[in-house]
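Chain A is the first sequence line, chain B the second, and so forth, proteins listed ahead of strands; every chain is numbered from 1.
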Amino acid sequence: MGASGPGLRVEDLIVRGDRGRELLSVPRLDLTPGGSLGISGPSGSGKSTFLFAVAGLLKAASGTVAWGDAAITAMGEARRAAFRAERIGIVFQDFLLFDELGAADNAAIAALYAPRGARDGIRARAGDLLSRLGLADEDRPVPGLSGGERQRVAVARAMAGNADILLADEPTANLDRPTATRLVDDLLVRCRERGASLIAVSHDETLLARLDRRIEIRDGKVRLDG
Amino acid sequence: MVDLWDGLPVLAQDGLVALAWALPLLVVGALLLRGLAPWPLVRALLARFRVPVALFVLLIAVSVGTGISLVAFERGLRAGTARAADRFDLIVAAPGSDITALMATVFLQPSDMPLLDGATYAEVTGHPAVAFAAPLAFGDSADGAPVVGTTANFLDHLSAGAIEGRAWTAHGEAVVGAGTPFAIGDALHPAHGIGDFADAEAHESHEYRVVGRMAPTGSPWDGAVLLPIETVWEAHDLPTGHAPERAEQIGPPFDAALFPGTPAILLRGHTLADTYGLRAAFQGTEETMAFFPGTVLSRLYNVLGDMRQIVSALTLVTQVLVAAAVLTGFALLTRLIRRQMAVLRALGAPARFVVAVVWSLAVTLMASGAVLGVALAVGLVAVLASVVGARAGLAIDVSLGLPDVTLALAFVSLASLIALLPALSMRRQDIVAGLRG
Ligand SMILES: Nc1ncnc2c1ncn2[C@@H]1O[C@H](COP(=O)(O)OP(=O)(O)O)[C@@H](O)[C@H]1O
Ligand SMILES: [Mg+2]
């Protein structure tokens, strides 16, 4: 149900780090609208950097990243922020939740800065997602939650803004197998419901196997797999 | 414009001044917070950092509290001294420093003043414009309290008739101020001089008996012992101002030839114009000077007024410095939330939201400190007033008004501008670097 998320087009993308060191180089990568992509590769190879680049969180040295018609590399900081708020949900490595807030407030954090008219929608969706992820009426603060529970709060937060692009950075790392499987189920079901495009960085073969396609990043270079 | 301002009631003026000070705070707040709702997060962060936050709030409270107290106390002190001088219309003394004479008469500070002789006393008090005249002979003490020899009309004037017991009717009888530890019936032992310089041997054969006690006047005179001036002279083995056959008389008229002298005379004319005329008549003559205590006090206030401006300015500067110090500590605190702010921006929060969160944190801190500071000032001023008031024998008015609260408001307002610095620095933070922690 719902329209499908935008396709991704990456062309001649180069991201540089300290002293001009090349962190990532992507000559060409496409993702069909509503499609899903898995990224694997050794630690420190540039997987997170790739996610940050397609989320518009860092300034590319050159090249283009475009979601549908929206060339994120051509936008200024404020427009990229607005684009993320409206279109992109991110599940960070290590969750990066707010320890001082409860599960519901974490999931609905976007209500604090969204336009007034959108706040109720965000809160309602966050509550709905949490209850469907088995965390209804959860008011323990984050430090009291288990790893799996935090991961689900992070997913709820990523999707509470009704994003049609979902980026997940090693979402099942540090989870035991049953919890990881349930989280992957949740993630994929939510994405399918929303029609969202999904990019997930993971070493988890069971997750990668359930995505449309996968690539591998080594030393900042993309190797297209199957 | 000036006319319009002067035409406003004081409260409206004070209110407008307060509003003007609040303006930077209101404008910055409105611009930053428009359309954003950072409070739940701000509250949660304050709770998380409650220990350093409480410390900062306390620091600010103490600095704001002492600042307000000093300003309010200085004002109360001025009102108290002016009130103490109220009952002293015109003072005539031998030529010299009018400030010394003022301190000696109104505030009963020990001083060595030359005396006016009998002829001068007769000339001054005999002036046709005089409606009221009384000699004030100070310099002695009795059991630690300053002693003033005078006439019964002054006793009546000072106490406004409110005397418990009675006025003196004979030599050796004393009426004491409400602040003295003496009771009616007590015997007092005179000494020449006051305090450390008192010489008890000098008058050892004399004794005063307390027959009356005045109601409080709120002035240093509450701590004084009043006597017939004849008794003071007797204690010094001087003539009593009266011929030997009338040795028992107390009060005027005095025999100029037998008048040992008095350091000061309090005068009042029949009308205000008369009093001014008396001042003109006795100011700057060979034998006398004449001055209005109120005028000398305002001259003092004028000198001290510049001082007060400086103290007020310094107070504000100190507060701003404390605010800056607290904000430096605060900036260190914000490093601990760098990562969270990066998460917010990565999620799509506008940079202004992150600025608003940090700014609201700082301003909540400052405002809480200022409110607590005002409360602290209320207590501090009361303590200052009672301690200093008791030592100087002055009733000091302690109320805090809108202008004092405005001082706290001004502090918060200025601090809210300084708080923009750590807040805006969050905005320049690299998002990815912040996320990587
Ligand atoms: N905190 C950091 N500061 C500077 N450079 C970093 C930091 N973290 C990672 N990098 C650089 O970016 C490169 C890619 O890192 P990253 O994208 O996080 O890799 P991955 O997610 O594949 O483990 C690393 O090789 C490292 O050189
Ligand atoms: Mg990574």
* Asked: Do the side chains of B:Ile431 and A:Leu58 get nearer than 4.5 Å, heavy atoms only?
  -> no
* Structure fact -> Applying a strict 4.5 Å limit to non-hydrogen atoms, the region of B:Arg436 in contact with chain A is side chain
* Which distance, rounded to the nearest 0.5 Å, do you find between the CG of A:Leu96 and the CD of B:Gln340? -> 9.0 Å
When the side chains of residues 326-335 of chain B are checked against the rest of the protein, which donor-acceptor pairs come out under 3.5 Å, sequence neighbours left out?
from	atom 1	to	atom 2	distance (Å)
B:Thr328	OG1	B:Ala324	O	2.8
B:Thr334	OG1	B:Ala331	O	2.4

* What residue pairs, at least two apart or across chains, pass salt bridge (charged side-chain N to carboxylate O under 4.0 Å, His left out) with a residue in residues 38-48 of chain B? -> A:Glu100-B:Arg48
* To do: Could you look at A:Ala163 and say if it's the side chain, the backbone, both or neither that has a heavy atom under 4.5 Å from chain B?
  => neither
* Which one, B:Leu36, B:Val357, B:Ile337, B:Asp430, leads in non-hydrogen pairs under 4.5 Å with chain A? -> B:Leu36
* **Pairs of heavy atoms under 4.5 Å with chain A: top-ranked of B:Ala349, B:Ala342, B:Gly35, B:Pro350** => B:Ala349
* Structure fact -> Distance col, row B:Leu347:CG vs A:Phe92:CZ, nearest 0.5 angstrom, shows 5.0 Å
* Which residue out of B:Ala351, B:Ala346, B:Pro38, B:Ala47 racks up the most heavy-atom pairs below 4.5 Å with chain A? -> B:Ala346
* A:Asp99 portion near chain B, given a 4.5 angstrom heavy-atom threshold -> backbone
* Asked: A:Arg157 versus chain B, heavy atoms under 4.5 Å apart: side chain, backbone, both or neither?
  -> side chain
* So among A:Asp105, A:Leu112, A:Ile109, which one has a side-chain contact (heavy atoms from CB on, under 4.5 Å) with B:Pro40? -> A:Leu112
* Does any non-hydrogen side-chain atom of B:Val354 lie less than 4.5 Å from one of A:Tyr113? -> no
* Got more than 12 heavy atoms from elsewhere within 6.0 Å of CZ, A:Arg140? -> yes
* Given that the side chain runs from C-beta out, which part of A:Phe52 has a heavy atom under 4.5 Å from chain B: side chain, backbone, both or neither? -> side chain
* Do B:Val343 and A:Phe95 have side-chain heavy atoms sitting under 4.5 Å apart? -> no
* Are the side chain of A:Arg80 and the backbone N or O of B:Gly348 linked by a donor-acceptor pair below 3.5 Å? -> no
* **Reported CZ-to-CD distance for the pair B:Arg427 and A:Glu77, which is rounded to 0.5 angstrom** => 7.5 Å
